[in-house]
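Whatever order the structure lists them in is the order used to number ligands and atoms, beginning at 1. When reading the values below, keep in mind they use all heavy atoms of this one structure, side chains included, and skip hydrogens, waters and symmetry mates.
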Amino acid sequence: MKIDKNVENDGVIFMSIKENDERAQETGSEGDVTILAIESSCDETAAAVVRNGREVLSNIISSQIALHTIYGGVVPEIASRKHVEKINGCIRAALDDAGVTLDDIDAVAVTYGPGLVGALLVGVSAAKAISFAKNKPLIGVHHIEGHISANFIENKELEPPFVCLVVSGGHSHLVVVKDYGEYDIIGQTRDDAAGEAFDKVARAIGLGYPGGPKIDKAAREGNPDAFTFPQAKIEGAEYDFSFSGLKSAVLNLINQAKMQGQELSQADVAASFQKAVVEVLAGHAIRACKEYGMNKLAIAGGVASNTALRELLEKECAANNIEFYRPSPVLCTDNAAMIGAAAYFEYRKGVRFGLDMNAVPNLPLGDRERRFHGRASRLDKLEQDFGGRR
Ligand code: KG4
Ligand code: ZN
């Protein structure tokens, strides 16, 4: 690989790799590819070593959940500071656990968006430093692309095309994964993300943060039919989601009960709310598989670890002859192994980023055609503005 190191007029050093054909030659080899991956987009500092996209040699996650619990949610400034404290230790532990050194890795990958800008910057800076110091290729990964790719780790036979339901704290997307790194977003949330709704409702019923796992647990003791909550349908966009009406319905129920001096069962509210969310998610996902003629459905993101969602989809997939893929819960919530998995397929395609890569807090999940066929897109514009280079 030929790396140009240039000193820009403001003294910023960057490296960029220019020729596509040169890159293709280098990535054409059949040898093993070992990637050090870094994730710091929200409240987990994580590093992992992944071989050939599907074999996790190490997966270190330093969670800040306990710290943010005091405040009832993620405090961005605290998250950034904690990432700075933890990142080097996580990387060191990931290398040690995998039994490799920086010299053994073929590339360093990092989440560069979307996420909290201060949090993203910590991982991006660490990855760029390693890339520069060790002369290793640098690969920027879209966080959601990482979540989707978590499915490749435990399902060695899984290959696109398939439908993926991505449900996390910041995103609810229904995606057709056409090929590695190529996506059609067929549905997304109009307001709150699914995980956000879990977090807000958990706070309202006094379960605290993080809401998803707490509602999941409380719901096991509750009656899912105790209350009927609305399941929003969006006219003309049948795969889009909306959870704000559902959240308001729960809040109204709680306020009414308070005014009437009634005691509500936390478990019943949790179970009924969860049922409403999970039925919408599963309904959209199964309908998409049928309409798009896909017999493979994968799930991804923190909410994908929800017990009720997994059980319902298991049942629905079996009834509709759809193969159901779900990562282990630890690979559903934020981790770096999924970033290493996504980066491998990018690496094989010859995707390299320059040291001018920056954090892009609102990076959209784009499709590859738009990027490569030069049609103006929001993503191209963002990448020009913010420096992710393809
Ligand atoms: O993917 P993730 O770790 O971070 C983001 O990219 O946002 O997802 C975190 C979200 C939080 O909203 C959390 O409450 C939710 O996933 N979550 C769950 C469960 N575990 C985590 N939601 C429902 N049930 C769960 N078991
Ligand atoms: Zn995530």
Q: In terms of relative ring orientation, are Phe241 and Phe243 parallel, tilted or perpendicular, with 30° and 60° separating the classes?
A: parallel
Q: So which heavy atom in the protein is nearest atom 20 (N) of ligand 1, and how far is it from that ligand atom?
A: Ser305 OG, 3.2 Å
Q: Distance-only check: which donor-acceptor pairs under 3.5 Å involve side-chain atoms of residues 316-324, not counting sequence neighbours?
A:
unit_1 : atom_1 : unit_2 : atom_2 : d
Asn320 : OD1    : Lys290 : NZ     : 3.3
Asn320 : ND2    : Glu316 : O      : 2.8

Q: Parallel, tilted or perpendicular: which one describes the rings of Phe353 and Tyr112, with boundaries at 30° and 60°?
A: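 Taking Tyr112 first and then Phe353, their aromatic rings stand perpendicular (interplane angle over 60°).
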Q: Taking atom NZ of Lys86 as the centre, does the number of heavy atoms from other residues, nucleotides or ligands within less than 6.0 Å exceed 12?
A: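 Result for NZ/Lys86: open.
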Q: Please determine whether any non-hydrogen atom of Cys42 lies less than 4.0 Å from an atom of ligand 1.
A: no
Q: Heavy atoms only: give me the nearest Val122-Ser40 pair and the separation to one decimal.
A: C-OG, 4.2 Å
Q: Out of all atoms in ligand 1, which are within 4.0 Å of some heavy atom of Gly170? Include the element for each.
A: 7 (O)
Q: Would you mind running through ligand 1 and noting each atom that sits below 4.0 Å from a heavy atom of His147?
A: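 So the atoms of ligand 1 that pass are 1 (O), 6 (O).
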Q: Where is the nearest protein heavy atom to atom 12 (O) of ligand 1: which residue, which atom, and how far?
A: Asp199 OD2, 2.7 Å
Q: Geometry only, no angles: is Pro210 polar-contacting ligand 1 at N/O separations under 3.5 Å?
A: no
Q: Just to confirm my output: which protein heavy-atom neighbour is closest to atom 10 (C) of ligand 1, and how far is it?
A: Gly169 N, 3.4 Å
Q: Report yes if Gly302 has an N/O atom closer than 3.5 Å to an N/O atom of ligand 1; otherwise report no.
A: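 Yes, at least one N or O pair falls under 3.5 Å.
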Q: Have a look at ligand 1 and work out which part of Val303, if any, has a heavy atom under 4.0 Å from it: side chain, backbone, both or neither.
A: both
Q: Is it true that, when you exclude Gln260 itself, more than 12 heavy atoms of the residues, nucleotides or ligands shown sit nearer than 6.0 Å to its CD?
A: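 Above 12, so yes.
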Q: Given salt bridge (charged side-chain N to carboxylate O under 4.0 Å, His left out), test Arg310 with Glu314 step by step and report yes or no.
A: CA-CA 6 Å; Arg310 294 164 86 91; Glu314 205 164 312; over 6 Å; no
Q: Name the residue from Ile38, Thr111, Val50 that meets the side-chain contact (heavy atoms from CB on, under 4.5 Å) definition with Ile339.
A: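 Exactly one pass, corresponding to Thr111.
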Q: Run through Gln188, His173, Glu291 and flag the one making a side chain to side chain donor-acceptor pair (under 3.5 Å) with Tyr239.
A: Glu291
Q: Run the numbers for me: atoms of ligand 1, each under 4.0 Å from some heavy atom of Asp216, listed by number.
A: 24 (N), 25 (C), 26 (N)
Q: Please tell me whether Val177 and Leu165 are part of a single hydrophobic cluster in this structure, the criterion being side-chain heavy atoms less than 4.5 Å apart.
A: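 Val177 and Leu165: separate clusters.
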Q: Rest of the hydrophobic cluster containing Ile78 (Ile/Leu/Val/Met/Phe/Trp/Tyr, side-chain heavy atoms under 4.5 Å)?
A: Leu67, Ile70, Tyr71, Val75
Q: What residue among Ile215, Asp199, Val269 forms side-chain contact (heavy atoms from CB on, under 4.5 Å) with Leu207?
A: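 Checked Ile215, Asp199, Val269 against Leu207; only one passes side-chain contact (heavy atoms from CB on, under 4.5 Å): Ile215.
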Q: Return a yes/no value for Glu44: is any of its N or O atoms, backbone included, closer than 3.5 angstrom to an N or O of ligand 1?
A: no
Q: Output the list of atoms in ligand 1 that are nearer than 4.0 Å to some heavy atom of Gly195, sorted by atom number.
A: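 Counting atoms of ligand 1 from 1, those under 4.0 Å from Gly195 are 12 (O).
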Q: Return the set of protein N, O or S atoms whose distance to the Zn ion (ligand 2) is under 2.8 Å, each given as residue and atom.
A: His143 NE2, His147 NE2, Asp334 OD1
Q: Report the hydrophobic cluster partners of Leu116, with the cluster defined as I, L, V, M, F, W, Y residues connected by side-chain heavy atoms closer than 4.5 angstrom, directly or transitively.
A: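 Ile65, Val74, Tyr209, all in the cluster of Leu116.
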Q: Would you mind telling me if ligand 1 is within reach of the side chain of Asn306, the backbone, both or neither, using heavy atoms under 4.0 Å?
A: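 Both the backbone and the side chain of Asn306 come within reach of ligand 1.
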Q: Nearest protein heavy atom to atom 22 (N) of ligand 1, by residue and atom, and its distance?
A: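 Heavy-atom neighbour on the protein nearest atom 22 (N) of ligand 1: Gly212 CA, 3.2 Å.
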Q: Does the ring of Tyr292 carry Arg287 above it, NZ/CZ under 6.0 angstrom from centre and within 45° of its axis?
A: no
Q: Suppose I only count heavy atoms of Thr333 and a 4.0 Å limit; which atoms of ligand 1 are within that range?
A: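 Near Thr333, meaning under 4.0 Å from one of its heavy atoms, ligand 1 has 3 (O).
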Q: Check contact between His143 and ligand 1, using heavy atoms of the residue and a distance below 4.0 angstrom.
A: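 It does; at least one heavy atom falls under 4.0 Å.
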Q: Do any nitrogen or oxygen atoms of Asp334 come within less than 3.5 Å of a nitrogen or oxygen of ligand 1?
A: yes
Q: Let me know which of Arg220, Gln274, Lys217 forms a side chain to side chain donor-acceptor pair (under 3.5 Å) with Thr307.
A: Arg220
Q: So for ligand 1, is Gly301 a polar contact partner (N or O within less than 3.5 Å, distance only)?
A: no
